[in-house]
Amino acid sequence: MHSGGITFAALMQQVLVGLSRTTILFIVSSGLSLVLGVLRIPNVAHGSLYMIGAFVTFSVANFYGQTGFGFIAALVLAPLVVAAVSLVLERGLLCRLYDREHLMLLLFTFAFTLIFADLVKMIWGSDYRSLNAPAWLQGSFDLAGLPFPRYSLFLLIMGPLVALGLWLLTNKTRIGKIARAAAVDREMVDAIGIDVSRVFAAVFVIGCYLAGLGGALVAPTQNITQGMDHTIIIEAFLIVIIGGLGNIWGALLGAAIFGLTDAIGILVWPQFAIVFPYMAVVIVLLIRPRGLLKAIW
Amino acid sequence: MKPENTGIKKTAAALGTVAGFMLLALILPRYYLYLLALILTTGLLATSLNLVLGFGGMYQFHHAVFYGTGAYCLALILTKTGLPAWLGYLAAPLAAALLGLIMGLLTVRLSALYFGMLQISLGSLVWAIVYRWYSFTGGDDGIHGIPVPDLIGTSRGAYLFVVLVTGACLAVMYRIVTSPFGMVFTGIRDNPERCRAVGINVTGHQLAGQVMAAFFAGVAGTLFVTVEGSVFPDMMFWTLSLEILIMCLLGGWFTFFGPLLGAAIIVVLRTVVGSYTEYWTLVLGVVLILLIFFLPEGVLGMIRRGGDNAAGK
Amino acid sequence: MLRVNELVKTFGGFKAVDGAHLHVAPGEVVAVIGPNGAGKTTLFHLITGQLVPDRGEILFKGKNIAGLPPHKVCRRGIARSYQVVNVFDRLTVLENVQIAVLARQSKTWNLFQTASRMCLEDTIRILQNVGLADKADRICANLSHGDRKVLEIAITLGSKPELIIMDEPTAGMSPEETAATLKLMQRLCRQMGLTLLFCEHDMEMVFSIADRIMVMQQGRTIIQDIPERVRADKRVREAYLGGADTCSA
Amino acid sequence: MKRLFGLACFCLSVLVLLPVAAPVAAKTITVGIVDCYSGPPSTYTNDVRDAFKLEIDRINAGGGVLGHKIEFVTRDSKFKVDIGLSAAKELIYRKNVDIMMGTINSALALAISDLCRKEKVPFLVTFAKSAKITGAKGHDYVFSITENTALAGKAAAVGLAKKPYLKYWIAGDDYEYGHAIADAVWNNLRKLKPQVTLLGQSWWKVGEPDFTPYITAILSAKPDAVIVATGGRDCVPFLKAAKATGFNKRVPFYMHTATELSTLKPLGLNAPEGVIGTSNYFFYYPESPENQAFVKRFEAAYKRKPAVGAIYGLLAARFIAGAYRKAGKVKPQAFIKAMEAMTVDSPIGKVTMRACDHQAMLPMFMGTTKKVSGYNFLIADDIVTIAGKDVMPGCDEIARQRKK
């Protein structure tokens, strides 16, 4: 059907767009990876927190009348709100469950996806919500004759910034080092007199903050609705797995594979684009059963 | 109590229960028969998952795909071919088992989460094919008005059929769980490495377990078609798989009847609470959290433990 | 009975086992000793099939078993026990051993008999033998450490092996437990005519029960001989001194 | 085996605990509505229910129908076929509803349609767009009072054929709805204007978060116009992406629901202008007193403007009441007979239920999005009305489909 030749410019542009989509996937799944890697919690509620992030972004930005400032304020506040919610969740309930089976933790976080979904419906109603990027991020500029949305460029800049921040956090700070050590051997860290529980709380909150940040960043590009949580969570899990559990760079690589196979799939075989990312996951796992990069566990 | 004695008692109790359920067909209004049929179908599905999840320790994250395969296979045979219906009822579980074998061959060497995730990816591929192949599977509209044989086409007939088939399948699964294979399977769940060391072919057993679980999920799929007369791609979407998983955990995944109970709880909650408030998922969520805190091994797991403690004292 | 020739296993350039050789005769008790990192555990993993050797042969009763998967090695008559307790926590003591017995009698594919009634005699005999019969119905997770260690051995016996391989059977035990285990092992070997291959840090134990001792260093076999000669060997002393150095480094 | 027994006891006690069907008060007609009231689709379904209630209240206030009051119960399907189907069975088996109504999900509508055929309960489809409902899978008990993909497609083709575009691209939801509407537009357009060509197609999954890749792929093929076959939740993000990439300025495109209030309102003034869309209803069109009165009533009750769903809800109420009055008794068979070829008045004029396929003949309004002062969102402009009879497939065509 699609006989028109694929020009190099179009391909390059598709790659860039795919990469900007990768940014959102990366931010969300790196948070998931952190929680999964260090706390070993398969947090299905991660997607819900992403959704809450998007809704809060909408509310905050609207409060300031969808101005440029409003968006920036939302970008700062929304992830913090999500982090606060997750802190309450962790200190209040989750921290009592750390010695349970992984599957029970899965059940617990699943229960929260149900609760969050209905809470969001109660607070924000079920209408579509839509948020506009500030004026300086709207529209597009020409890239080799094809339009490239400014917002995508913004995302392309945000992605590496977040990755860098995470890298500094895990490699250069005390808490990051403890967290990495705890991921490998929890008893060991406990034994040298560090309060692992506090470290876990911090890691959980950071992970959820990233979910909120992803939700905030994605808000202007799509309509904010219930059901956002469903779509992202399965993709995030697959990304974390193919990248290598608990590995930040793995999350980046996995997200890139997901974003790019999706974007390029559309160009080469639009009818079956939906299948490409899943195929990629299957192939990766068949060749490297424990993910592409070194998994923590 | 002598073991032979308990065996006979168990058989009698099981037959009695099945007979009791069948008698209900005479007294209950058909809505409740429908609801019971739905609970039993879902319960059979959850039990089949628990065969590998609770007894095999395998993270079977996409079990619904086998359920859907069974249902679609029967639906397609009944609507698109002139083959006799019983052939469809036979072929459907076999098709599910075959898919279980193929997916198992690819996934079984992976461990825990990786196993589950590869299964989700493969299952999603199957789902995508069903979802897009409009001319064959009806795409996302599904297939409706499936001509189920007259005898089991009425609500009462369907109910009786579901009771009999579920009863038979549960009996067979119970035998499997208590057989040497079942015991070895629990051993593999607890400690696969040790099993290898005592001479057990772990991957072989896991593969066989998956094929069996897929087979019974396929049976559950045919029951769904009998009860509802419809199939649709939702039946093999990953969210349903997660729901079944939740049923197992909720009812008690180290017990045989736990998943059945979990299925009953979720179906009933959905129907009863759903007719009072549209926020029934919120209620379900809160119930789940309470259960996690107060009944960590699931409802039945807790009941059984309570019984053990009482017996111990 | 067991003969290992020129066995080599490398992990990313590091030669864990580098041309080791070993000989175990039927009915013999053989100990493998050597400093930390000498390759003892790797050697055992190679024999039992957890790892596949790069080169060399492992002959058991004259047939090469190198590269066979663990469950097939076990079927040939080699059973192993683990350094850390490695049992089935959620099952009862009886079931723990029963699994091994069922596996031994190739009944694991049986789908329709009731497992709890099968192989009871053999299982209970083993439990009586090791002194766990009175705890047969206890859930394993609730046992004391010492009992779990004994159960570990009982499971190994369940495979009815001709050769038992034990990786530090007394690791983490109190002196009393060590002594008890030692006695148990000696008794079992004598009673059942088992062949035993084990590695151990406790030199006292090694020299008291081993018929012959094999000394490993840096993946190589230095010597394999009767205890007196090993004790007198110069290279062994050097190896241990060297080993001590690397250890403290 | 205490456990098995306990389980049986549990099941039984649950059944006892289930709310026992309240004895239906004499002289009521009960309508059971199963629809998705959670998640994105509820934007549309709430309007159906609310307008239905508004109209039912009026009818009841005026003495009801044949001395009966009309009541209704709703069940949330969560956009899941299995949940919706059990809810429908509950309503039919336990609540003994006289009429079923719903749903926005085509698969569920087809499933309930089949159930209603077996149970001999009339079923009014209020939002599902599958042409199969009254087409190939139609039967005596099912009625559709909403446009479907075949009608929308034909209407769009009639409108598009008048425009100068020759090279088309088709893009849409990879979902039955998307494919059906695209096929309907394209097949009709080719008949009306044989010289059109199709450059290519792209399909995305429902709920696609980012449309930029698709848009760039389409732009690189340089079509004259694009048929965007997307509906429901994807409309808003697509229009947003169209605006961000300047898609609407580079290539004109048609999108069935683009002009609908539910789509345009969330976007505010940031919606793209110049997008062609079709709809059954606007609160500002037709500018008849009847419509204005309805909008006023709706706004007074719910503090918002009615969207397209409202007209379906209103029509459902009027058809139900009208048919029972015409039949003179509350019996399914009589109801069906009365429904056939019945005409009711509505804000969009007279609407007739066609006898041969039980499909309401609704007019279709084609318009182009535009900023108009006085509204803080875009509205449709240059509205062309395509009469119901012009977009309906022939009765012989329906008969042929059903025979298959």
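Note on naming: letters A, B, ... go to the chains in the order of the sequence lines (proteins, then strands), and numbering restarts at 1 for each one.
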Nearest heavy atoms of D/F79 and B/D234, plus distance in Å:
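What the structure gives for the nearest pair is O-OD2, 4.0 Å.
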Measure B/R30 against the heavy atoms of chain D and call it side chain, backbone, both or neither at under 4.5 Å.
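Contact with chain D involves both backbone and side-chain atoms of B/R30.
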So what's closer than 4.5 Å to chain D heavy atoms on B/Y131: side chain, backbone, both or neither?
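For B/Y131, side-chain heavy atoms alone lie under 4.5 Å from chain D.
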Evaluate whether atom NZ of D/K403 has more than 12 neighbouring non-hydrogen atoms of other residues, nucleotides or ligands under 6.0 angstrom away.
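Atom NZ in D/K403 is not crowded, with 12 or fewer foreign heavy atoms closer than 6.0 Å.
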Under 4.5 Å between any side-chain heavy atoms of [X] and [Y], yes or no?
X: B/T271; Y: D/S86; result: no
X: D/R94; Y: B/Y34; result: no
X: D/K132; Y: B/D141; result: yes
X: D/Y93; Y: B/L35; result: no
X: B/L38; Y: D/K89; result: no
X: B/R270; Y: D/I83; result: yes
X: B/F232; Y: D/L110; result: no

Between D/D76, D/D114, D/V81, which has the largest tally of heavy atom pairs under 4.5 Å with chain B?
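Going by pairs under 4.5 Å, I would pick D/V81.
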Among B/G145, B/P29, B/P233, B/G138, which has the most heavy-atom pairs under 4.5 Å with chain D?
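Of the options given, most contacts go to B/G145.
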Is B/H144 reaching over with its side chain to a backbone N or O of D/A107, donor-acceptor style, under 3.5 angstrom?
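Looks like yes, one N/O pair under 3.5 Å.
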